[in-house]
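Report on the structure given below.
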Amino acid sequence: MTNAPETPTAATDDKPRDFIREIIADDLASGRHDEIVTRFPPEPNGYLHIGHGKSMCLNFGAAVEFHGRCHLRFDDTNPAKEEQEFINAIKADVRWLGFDWGEHLYFASDNFEQLYTWAEHLIIEAKAYVDDLSANEMREYRGTLTEPGKDSPHRNRGVHENLDLFQRMRAGEFEDGARVLRAKIDMASGNINLRDPVLYRIVRAPHPRTGDAWCIYPTYDYAHGQSDAIEGVTHSLCTLEFEDHRPLYDWLMENLPTPSRPRQYEFSRLNLSYTVLSKRRLTQLVKDGHVSGWDDPRMPTLAGLRRRGLPAAALRDFASRIGVTKSDSVVEMALLDHCVRDNLNKSALRRMAVLDPLKVVIENYPDGESEELEAINNPENDADGTRMVPFGRELWIERADFMEDPPKKFFRLAPGREVRLRYAYYVTCTDVIKDPSGKVMELRCTYDPATKGGDSPDGRKVKATLHWVSAAHAVAAEVRFYKNLFTAETPGAESGDILDDINPDSLDILDNCQLEPTLGKTAVGDTVQFERQGYFATDPDSTPDRPVFNRTIGLRDTWAKVQKKGG
RNA sequence: UGGGGCGUAGCCAAGUGGCCUAAGGCACCGGUUUUUGGUACCGGCAUUCGGAGGUUCGAAUCCUCCCGCCCCAGCCA
C-alpha cells in the first residue's frame, strides 16, 4: 500500500512544452551547448513548498528530458537564517518528489575561497571597493526609484587601501555591519541593482557547514551566478523577481574569469488560491503556532502535503499541467485537487470505514455468528486483488446514509426501504430506535440471504449501495479532516495581513470512527480510499491500538451539490 | 516622474501573419454506464485574443498610442 514515485518521463511529442525548454532545445540545436546543466538552488532557511516543487519539476525535469543533469545546490550564504535541519529536510523532500541529484550535491559555501579570490580580482581591477557607510547611510545614498543615487565618499579609494581593508574584513578586524564590499557599477542606473550592489558583508554567526571559518559572507547576487559558473550550469532558472538582477548577473560574468558562461532565465512563481507560498509567511505560521509545524497537513509544504497523503506523482502531474510561463497567475486549488484524485483513483486501495457511526442490527441474522465476504481492493486495477471482510448481526453504517423522512432525491436507507450493503446483502429498514430527545440511536433491519455478495437473483434493483463495518470486528480510529488554511482566495489581499484571513475552522477531528479490520495495520504514509468518502493517509501519530488518519481529499460529491442546490 | 516584466474564457495555458469563424486541461452545466451519488464515457461552454488606430488581399500574431496588473529603493534569497 505505497505510492511509489514514478520516474519522470520525457515529453511525448518533440515540441518543447514551454519557453524555457524551447530555449534549451535551441541551444542544443545551435551547438551553443553539447549538454545542458540546470540546478535547483534552495536556501536552507525553511522547508520546501509546492512552489519549489514546480521549480524542481522544471529544473530536474528538463535536465532528464534533454539528457543533461540537474544539481542540488544549497544557497547557504546567510548563516543568520540557515540551519542543518533545513538542509536535511530539503534533501528528503527532493528525493520524495522523485528527483535524483546523483553525485551533484553542492553548496555555495563550497566556493567561499574562490569567491573571495575573485572579489580581490574585482578590487584589483578597480571594479569593487570597500565602503564604510552604515546601512542607513547607504540607503540614503542609493536614491529612490525615480531619483538617481549618489556616490559614496569611499567609492574612489585606491586599490591597495581596498585590498587591505577587505583582507582585514576577512580577518575579523571590524564589527558586523561596519564595512561592506561593493561592486563599482553605476549609482545613477535606473536599475537599482546596479547602484553599486553589496558583494560581501560582515556577519558573525555560526555557519551550518563552515562553522566560524568566515566572518564575511558573499551576498546572493555575488555567490549565485559564480556558483553556477563553477558548476558548469548552462541554464540558471529562477523566478520573475530576479529579472532585474540579470544585468548584475551578466556584469559579474563579464568581469570575472569564470570557467563557464551560464545564462539566467526567469519564469513566474506559483501562486495557489487559499494558501500562501512564501517562506517568510510559512515560517510565520509555524513560529506563531497557527499550525502544528512545517509538516502540518494543512501546510502547502512538501512535508505537509506528504503527511496529508498527496502522492508525489500527483504533484508532478500538477506541475506539468500548470505549465511554465512569465505571466503572473493564481492557480485554483481545484486543479491540484483534481490531480490528487486522478492519481489516487488509480492507485489507492479501497477500504470501508464508517466515520460517523450509526448502529444497525440485522434482526434475522443469527446472533453470535459472522462470515467473511470478498471485497475488491481496487476496481481500477485487477492486480490489486481482493480481501475478505467480516460481516455480522451488528453493523455500523454512516449516520448520513439514513433519513427517517427522506426528500425525493435521497436514495439511501429510510424506513421500509431496501438498499445494498456493499459486497454483502440487501437489507431493509424495519424499525428506528430513538432516544428521548428524538435522536436516532439504532436501526433495525432484515437482510435477504439470497442476495449474498450484493446481487439479487430475482433481478430487483436498489438505488443505493452503502459501506458498512461489522461492529464486532471494527477498529476504532481518529480521523482528521482539513479545510483550506485561509478563507480568502488570496490571503491578506484585503487587509494586508494574512492572519485576518486565516480559517479558524481548518481542522476537524472525528474520534469515534469505525474501520474494517485491515485498516488496523496500515503503514505510515499509505493513502487508501475509504469507499464513498475520500482518500485517507495514515498519520505518524498512529499507535498500534489506535490508528490516526488524515483525510487527503474527499471524493467528488455530486450529492452534496444536489443538496446545496435544493437549499 | 526611473528601471524591468506581464495582459488569450471563471482558472491555467497553446498559438511565432493565412489550415484560428482560437488547441488542451481544470471548473461549471447537461446526459449514458455503474455493487463507490466515485470512476469512465458522450455533449455543451471565447465570431474573439486588455483598448483604439494603422500596415496587409489577410492580424491574437507586425507597427503606433493608450489602459490595467506585477516586481525593484535588504549589509534576505
Side-chain angles (χ1 to χ4, degrees), chain A residues 15 17-18 22 41-43 45 75 77-78 80-82 131 133-135 138-140 142-149 176-182 188-195 197-203 216-217 219-221 223-224 238-247 266 268 273 279-280 320-339 341-342 345-346 350 352 375-376 379-380 409-412 420-424 426 451 453-455 462-467 489 529-534 554-563:
Chain A
K15 193 183 63 177
R17 306 197 339 245
D18 53 68
E22 221 163 77
E43 184 193 9
N45 67 344
D75 247 338
T77 56
N78 185 4
K81 292 185 176 175
E82 295 155 7
D131 199 351
L133 252 30
S134 70
M138 212 182 285
R139 191 179 321 120
E140 282 163 24
R142 188 151 35 229
T144 69
L145 293 177
T146 53
E147 301 155 23
D176 286 21
R179 288 185 223 262
V180 294
L181 182 73
R182 291 229 255 174
S189 174
N191 182 345
I192 290 178
N193 294 295
L194 260 23
R195 319 243 263 229
V198 171
L199 266 24
Y200 268 93
R201 71 283 208 195
I202 303 171
V203 179
I216 58 171
Y217 290 91
T219 54
Y220 163 84
D221 285 305
H224 195 92
C238 62
T239 44
L240 253 28
E241 64 270 30
F242 293 101
E243 217 153 11
D244 288 346
H245 294 239
R246 183 163 15 103
E266 311 85 13
S268 56
S273 61
K279 253 197 268 188
R280 207 201 109 243
S320 91
R321 290 190 199 224
I322 59 176
V324 178
T325 68
K326 294 188 71 148
S327 44
D328 291 312
S329 61
V330 182
V331 177
E332 289 178 344
M333 192 62 93
L335 180 59
L336 211 212
D337 291 347
H338 174 265
C339 294
R341 288 196 185 103
D342 191 47
N345 174 54
K346 291 170 190 144
R350 270 58 169 176
M352 291 199 285
I376 294 166
E380 305 289 322
K409 289 179 177 167
F410 185 87
F411 305 139
R412 282 111 91 147
R420 171 169 42 231
L421 294 182
R422 185 149 221 221
Y423 302 123
Y426 283 16
T451 58
D455 281 309
V462 289
K463 295 192 84 171
T465 301
L466 310 188
H467 61 277
E489 266 192 55
Q529 183 190 103
F530 289 179
E531 293 225 28
R532 302 210 299 135
Q533 313 203 78
L555 256 27
R556 276 189 67 215
D557 189 353
T558 41
W559 165 239
K561 221 176 270 178
V562 170
Q563 275 179 309

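Heavy-atom basis, side chains included; hydrogens, waters and symmetry copies ignored. Letters A, B, ... mirror the listed sequences (proteins, then strands); counts begin at 1.
- A 3.5 Å limit on both hydrogen-bonding distances identifies no Watson-Crick or G-U partner for B:U21.
- Here the CG atom belonging to A:Leu199 is positioned 12.0 Å from the CG atom belonging to A:Asp131, to the nearest 0.5 angstrom.
- Base pairing of B:G74 is not made with any nucleotide, judged by Watson-Crick or G-U wobble geometry with both donor-acceptor distances under 3.5 Å.
- Residue A:Val330 is classed as a sugar-phosphate contact, given heavy-atom separations below 4.0 Å to backbone atoms only.
- In terms of modelled atom types and a separation under 3.5 Å, the side chain of A:Ser268 and the main chain of A:Thr325 share a donor-acceptor contact.
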5' to 3', nucleotides 71-77 of chain B under a 4.0 Å protein heavy-atom cut-off (B base, S sugar-phosphate only, - none) gives BBBSBSB

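- Between the P atoms of B:A60 and B:U55, the separation comes to 16 Å (whole Å).
- Contact check on A:Lys561 versus A:Asp557 returns no salt bridge, with no Lys/Arg side-chain nitrogen under 4.0 Å from an Asp/Glu carboxylate oxygen.
- Across the C1' atoms, B:C19 and B:G30 are found 32 Å apart, a figure rounded to whole Å.
- Side chain of A:Thr451 to main chain of A:Tyr426: a donor-acceptor pair is present (N/O by atom type, distance under 3.5 Å, no hydrogens or angles).
- A salt bridge does not link A:Lys81 to A:Glu43: none of the charged side-chain nitrogens sits closer than 4.0 Å to a carboxylate oxygen.
- If you check every strand for non-hydrogen atoms under 4.0 Å, A:Glu243 touches sugar and phosphate atoms only.
- With hydrogens and angles disregarded, no donor-acceptor distance shorter than 3.5 Å links the side chain of A:Arg532 to the backbone of A:Met352.
- B:U64 and B:A52 make up a base pair, with Watson-Crick or G-U wobble contacts both under 3.5 Å.
- With contacts defined as side-chain heavy-atom distances shorter than 4.5 Å, the pair A:His224/A:His245 does not qualify.
- Regarding A:Asp337, its CG atom lies at a distance of 15 Å from the C1' atom of B:C28, rounded to whole Å.
- For the pair A:Asp328 CG and B:U8 C1', the interatomic distance rounds to 16 Å; values are reported in whole Å.
- The backbone N or O of A:Asp244 lies less than 3.5 Å from a partner atom in the side chain of A:Asn193, making a donor-acceptor pair.
- Here the P atom of nucleotide B:U8 and the NZ atom of A:Lys326 are 16 Å apart, to the nearest Å.
- Here, B:C28 and B:C11 have their P atoms 15 Å apart, quoted to the whole Å.
- Mapped onto RNA chain B by nearest heavy atom, A:Asp455 and A:Thr146 fall at different nucleotides, with A:Thr146 at the one closer to the 5' end.
- Using N1 to N3 plus N6-O4 or O6-N4 for Watson-Crick, or N1-O2 and O6-N3 for G-U wobble, each under 3.5 Å, B:G10 pairs with B:C26.
- For B:A13, the OP1/OP2 oxygens have a side-chain nitrogen or oxygen of A:Ser327 closer than 4.0 Å.
- Taking 4.5 Å as the limit, some side-chain heavy atom of A:Leu240 sits within range of a side-chain heavy atom of A:Asp328.
- Comparing A:Leu335 and A:Arg246 against RNA chain B, the residue whose closest nucleotide sits nearer the 5' end is A:Arg246.
- Put simply, CD on A:Glu489 is 9 Å from C1' on B:G10, counting in whole angstrom units.
- Judged by distance alone, with hydrogens and angles left aside, the side-chain atoms of A:Ser329 form no donor-acceptor pair with the main-chain N or O of A:Val331 at under 3.5 Å.
- Spacing of P atoms, B:G53 relative to B:C6, comes out at 25 Å, to the nearest Å.
- Annotation: side chain of A:Arg350 is in contact with side chain of A:Glu380 (closest heavy-atom distance under 4.5 Å).
- Counting non-hydrogen atoms under 4.0 angstrom, A:Arg420 reaches a base of the nucleic acid.
- Taking atom C1' in both B:A46 and B:G2, one finds a spacing of 38 Å when rounded to whole Å.
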Going 5' to 3' through nucleotides 37-44 of chain B and flagging B where a protein heavy-atom sits under 4.0 Å of the base, S where only the sugar-phosphate is that close, and - otherwise, we get BBS-----

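- The glycosidic torsion of B:G17 lies more than 90° away from 0, placing the base in the anti range.
- Using bins of under 30°, 30° to 60° and over 60° for the plane-to-plane angle, the ring pair A:Tyr220/A:Phe242 lands in the tilted bin.
- Rounded to a whole angstrom, the distance from the P atom of B:G10 to that of B:C75 is 43 Å.
- A:Arg420 and A:Thr465 form a side-chain donor-acceptor contact under 3.5 Å, judged by distance and modelled atom types alone.
- Residue A:Glu489 holds its CD atom at 7.0 Å from CD of A:Glu332, rounded to the nearest 0.5 Å.
- For the C1' atom pair drawn from B:A23 and B:U64, the interatomic distance equals 31 Å after rounding to whole Å.
- Summarising the base pairing, B:C45 is matched to no nucleotide, lacking a Watson-Crick or G-U wobble pair whose two defining distances lie under 3.5 Å.
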Report all interatomic pairs (protein N or O, nucleotide N or O of nucleotides 14-17 of chain B) with separations under 3.5 Å.
{"unit_1": "B:U16", "atom_1": "O4", "unit_2": "A:Glu22", "atom_2": "OE1", "d": "3.1"}
{"unit_1": "B:U16", "atom_1": "O4", "unit_2": "A:Glu22", "atom_2": "OE2", "d": "2.9"}

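- Nucleotide B:G5 holds its P atom 9 Å from the CD atom of A:Glu266, rounded to whole Å.
- Here A:Tyr423 lies in heavy-atom contact (under 4.0 Å) with a base.
- When the C1' atom is used for both B:G37 and B:G7, the distance is 41 Å, rounded to whole Å.
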